[in-house]
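Right, one structure below, let's go through it.
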Amino acid sequence: MSDTSPANGAPMSDAPLSGLRVADLGWVVAGPITGHILADLGAEVIKVESVTRLDSARVGRPIPQAGEDFDLAAGDSGGAAERIPLFHTLNRGKLGLSLNLTMERGREVLKDLVRSSDVLIENFAPGVMERLGLSYGTLSAVNERLVMASLSAYGQRGPSRTFPAYGPAITALGGFDSLIGYSPEEITGVIGIAFSDCSVPFHAVSGILAALLEREETGLGQHVDLSQVEAMVGTLLNPLMQYAASGVEPEAPGNSDTRMCPHGIYHTADDRWLALAARDDRDWQRICDLLGGVDEALRGARRFDDRAAVDALVSGWAAATIADDATEQLAAVGVPASPVMGIGDQIAVGHFHERGDFASVTHPVTGEELVYGLPLKLDSALGQQLRPAPLLGQHTDFVLSEILGYSANQIAELHQEGALT
Amino acid sequence: MTYKVLDLTGGIAGGFCARNLAMLGMTVIKVEPSGGDRLRTLDGPASDLLFEALNCFKLGVSLDFADPSAQETVQGLLSQADVLVLDELAPLYADSLSAHERLREQFPHLVIVSVTPWGTRGDWAGRSAVNLTLSAAGGDTYSMGYPDREPLTLPYEQCYYQGGVAAVGACLASLYRREHRANADGDYIDIAVVDIFVTVHSENLVLAYTSYGGERPRYGHRRLVAYPYQILPCKDGYVSLVGLERRQWDGLVELMGNPEWAKDERFRSRRDMIEIYADELDAYVTEWLRQYTKAELFAMFRKAHLPFAPLQTVREVLSDEQLAFRKFWYEARGGGVKIPGLPFRTRATRRVFAPAPGLGQHNDLLATGDAGAWAAATAATTEAVVA
């Protein structure tokens, strides 16, 4: 819908979503990731936020300034809102519009933005948009072609719609956490990762784009009502079908897999961890060749009779081996293996750089910084220079004048009234 | 949607991608070797049902790939298709970049979606992988499990499912581009399952690490944000207690009857509570939780408007009233098996369940010529939608 170049970067005319305009009211994690994936693919994404209710992704441990030791208190109080890694990462490539939606004039500006947008993203609790007078019904009356995506824990309808939930409650309710632990008595869940927040956006992108493609045929937008709990359940086909077939409740398998042996994570000589698996007898034979001296009683399929002995053997070998060396030896003979990698490890891997999994942006406050690159590698979207996350309200005047066509007087008035805070 | 998708996949990620495209209303033909898809040939009812769950809504043809005419048949279908989905287990083309490039030259209109463990480009392209090693390389494993024990993997092929979901979005984006460009050609999509984890699942880590050395270490059943942020046992399972605001901890204390220990001066800072006193606090809270079942606790949490939740098991998820209300499940095998749907439903999303094809069930499509095959397949899909 837009032919306007973003304010701080070159337009990507061949990118798949070039010309698509998105009003991104997403905040915290899941909504903003959805917006940045669309921006990565060339959409013009306008992040709508307000200093009156600061996005919590603008709070936390800030990127240090020169000469500063550690400024956690400032970050936690929102005093370093332009220096927070989470915000910079999840909002790269967007324009920043500051808008106070609790004011009537602020809501009027949003409706004008909706009038010229293709997509609106929001991940408030169900009912918030209605209370603001910005329900799908209201907004679709403003623009019948609008695709509005609402990402909530349980969806916009149903008996649980208004119950509060953060990401960890979503993985719990979605059956995910109960499958992760050392044993049924030692469940840890996936609590160490914002798993649902990072998974849901890909579903949301699919829903938005499916609705846009349907619009090609019908001329009408629609409301994409996404349930994050359903997104979790939807990828549990293996345990669901296992239960359907056996009637036995699937348990947390730890690192084991009934079909593979060995299949585990082993401590290495350089105090790291190595994941490896034998998918079949051939893999096992190749592992045996590396280990040397493996007892005949554990050769071939007999290894399944004494998994503990196999694990002990592999553990002994791993304990005397450097994780990266072991990985290369195993990879050279076609056996699946990888060190358990933290982010420092990943940044040192050439493969990930070759694939563009890391990218530099230049932020107006913190300068050049490294963020993750495009998750979706479409040839039509590769090779672009990523743009940084916006400062709070950085493009407010640009959006109002260049995109919405407001006069200088109108903009000054809105500033004066506090609608652009 | 009127798009035509050829599914040449043999694994979970690509198969799940193609199935979701079918659920969205596209016409999908799955091409299998004449011996059948790998899942058909594995023993056991679970793999049979998994085949059903991964291939419902698709049509199916089988080809003898030892016969050179099989490749001609596939190419004929590709000449009329909009999308080709491939993975490293595909009976043709697999994950060879040069084969994919030849396909692009031959069928410039085609959106080619390749979903492989490491991608088709880069040093590690073509390396072997299983879910365990992808979870390890992707970074999630690093943050799961206790610090003094081996880290834990994402289980049940989860990495492949996430890769499949990502591929759907990428495919739709390319189709959108084709709709909006004059003389639009196709696209090549190189989804690496591991990329999804190295990128988006890393949250803020790349910048945190390069700014101040921040990693995401594992702390077992908790995360060191603020107390409470953990999973704890109750009478019949576990509950997840994560409260990002002080009032949520206060609400829990009130539910517990405002015990004396909660007034301890040491427990004023929620950061101290999680970083220094978490074991002690967990013991107090667990003692209270152990008196109640998950259902009782969830009812209390809801009444108090606290964002805490039970860890539902697979069996419990299947009877979740919210999921039933939203008509999330498709019923297969005469209603005996529930298959999860998409987490949203657009107008064109399939409402009526269509089972996975039998081996070679739609081979008669091939007798009608390339364009005829797709016309018949589209008609069959349309018929199933309104059935």
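This structure is a prediction, so every number in the text was calculated from the model and none was measured. Heavy-atom basis, side chains included; hydrogens, waters and symmetry copies ignored. Per chain, numbering begins at 1; letters A, B, ... match sequence-line order.
- Considering only heavy atoms from C-beta on, A/S18 comes within 4.5 Å of B/R181 through its side chain.
- For a residue to count as touching a neighbouring chain, one of its non-hydrogen atoms must lie under 4.5 Å from one of that chain's; by this rule B/V225 does not touch chain A.
- With contacts defined as side-chain heavy-atom distances shorter than 4.5 Å, the pair A/V233/B/W329 qualifies.
- With a 4.5 angstrom heavy-atom cutoff, B/A129 touches chain A only via backbone atoms.
- Both the backbone and the side chain of A/E186 come within less than 4.5 Å of a heavy atom in chain B.
- At least one side-chain heavy atom of A/S199 sits less than 4.5 Å from a side-chain heavy atom of B/H201.
- Closest heavy-atom contact between B/V314 and A/E249: N-OE2, 3.1 Å.
- Only the backbone of A/V335 comes within less than 4.5 Å of a heavy atom in chain B; its side chain stays farther off.
- Of the atoms belonging to B/R347, heavy atoms from both backbone and side chain fall under 4.5 Å from chain A.
- Closest approach of A/P168 to B/Y229, counting heavy atoms only: CG-OH, 3.8 Å.
- Of all heavy-atom pairs between B/V168 and A/S206, the closest is CG1-OG, 3.4 Å.
- In this structure, no portion of B/L224 lies under 4.5 Å from any heavy atom of chain A.
- Only the side chain of B/D187 has a heavy atom closer than 4.5 Å to any heavy atom of chain A.
- Residue contact with chain B, scored on non-hydrogen atoms closer than 4.5 Å, is absent for A/P201.
- Counting heavy atoms from C-beta outward, A/Q346 and B/Y209 have side chains that stay 4.5 Å or more apart.
- Comparing B/G336, B/G138, B/G341 by how many heavy-atom pairs each has under 4.5 Å with chain A, the most go to B/G138.
- Considering only heavy atoms from C-beta on, A/M341 stays 4.5 Å or farther from B/T141 through its side chain.
- B/Y142 places none of its side-chain heavy atoms less than 4.5 Å from the side chain of A/I343.
- Between B/M144 and A/T188 there is no side-chain heavy-atom pair separated by less than 4.5 Å.
- Of all heavy-atom pairs between A/L179 and B/Y156, the closest is CD2-CE1, 3.8 Å.
- Partner of A/L237 under the side chain to side chain contact (heavy atoms under 4.5 Å, CB included) criterion, chosen from B/E157, B/R19, B/E52: B/R19.
- No hydrogens or angles considered: nothing links the side chains of A/E369 and B/T210 as a donor-acceptor pair under 3.5 Å.
- The residue from A/D257, A/L276, A/I265 that alone fulfils the side chain to side chain contact (heavy atoms under 4.5 Å, CB included) condition with B/L132 is A/I265.
- Looking at B/E150, both its backbone and its side chain come within 4.5 Å of chain A, counting heavy atoms on both sides.
- For a residue to count as touching a neighbouring chain, one of its non-hydrogen atoms must lie under 4.5 Å from one of that chain's; by this rule B/T2 touches chain A with backbone and side chain alike.
- Using a 4.5 Å cut-off between heavy atoms, B/Y146 touches chain A through backbone and side chain atoms alike.
- The heavy-atom pair separating A/A169 from B/P307 by the smallest distance is CB-O, 3.7 Å.
- Neither the backbone nor the side chain of B/R178 comes within contact range of chain A; no heavy atom of the residue lies under 4.5 Å from a heavy atom of that chain.
- Looking at B/T313, the atoms closer than 4.5 Å to chain A (heavy atoms on both sides) sit in the backbone and in the side chain alike.
- Ring-plane geometry between A/F163 and B/F298 is classed as tilted, the angle between the planes lying from 30 to 60 degrees on a 0 to 90 degree scale.
- At a threshold of 4.5 Å between non-hydrogen side-chain atoms, the residues B/I189 and A/L378 count as touching.
- Contacts of A/I347 with chain B are made by side-chain atoms alone, with heavy-atom separations under 4.5 Å and no backbone atom involved.
- Neither the backbone nor the side chain of A/F87 comes within contact range of chain B; no heavy atom of the residue lies under 4.5 Å from a heavy atom of that chain.
- Contact annotation for B/L244: both backbone and side-chain heavy atoms come within less than 4.5 Å of a heavy atom of chain A.
- When each of B/H221, B/R223, B/R216 is scored by its heavy-atom pairs under 4.5 Å with chain A, the top score falls to B/R223.
- When each of B/R326, B/E321, B/R302 is paired with A/S160, the side-chain hydrogen bond (donor to acceptor under 3.5 Å, both in side chains) condition holds for B/R302 and for no other.
- With a threshold of 4.5 angstrom between heavy atoms, B/A324 does not approach chain A through any atom at all.
- Nearest heavy atoms, A/E230 versus B/F344: OE1-N, 4.5 Å.
- Of the listed residues (B/F325, B/Y188, B/F328, B/F16), the greatest number of heavy-atom pairs within a distance under 4.5 Å of chain A belongs to B/F328.
- With sequence neighbours excluded, the residues satisfying side chain to side chain contact (heavy atoms under 4.5 Å, CB included) with B/T349 are B/L24, B/Y330, B/L342, B/R345, B/T346, B/R351.
- Contacts of A/Y243 with chain B are made by side-chain atoms alone, with heavy-atom separations under 4.5 Å and no backbone atom involved.
- Residue B/E203 touches chain A through both its backbone and its side chain, counting heavy-atom pairs closer than 4.5 Å.
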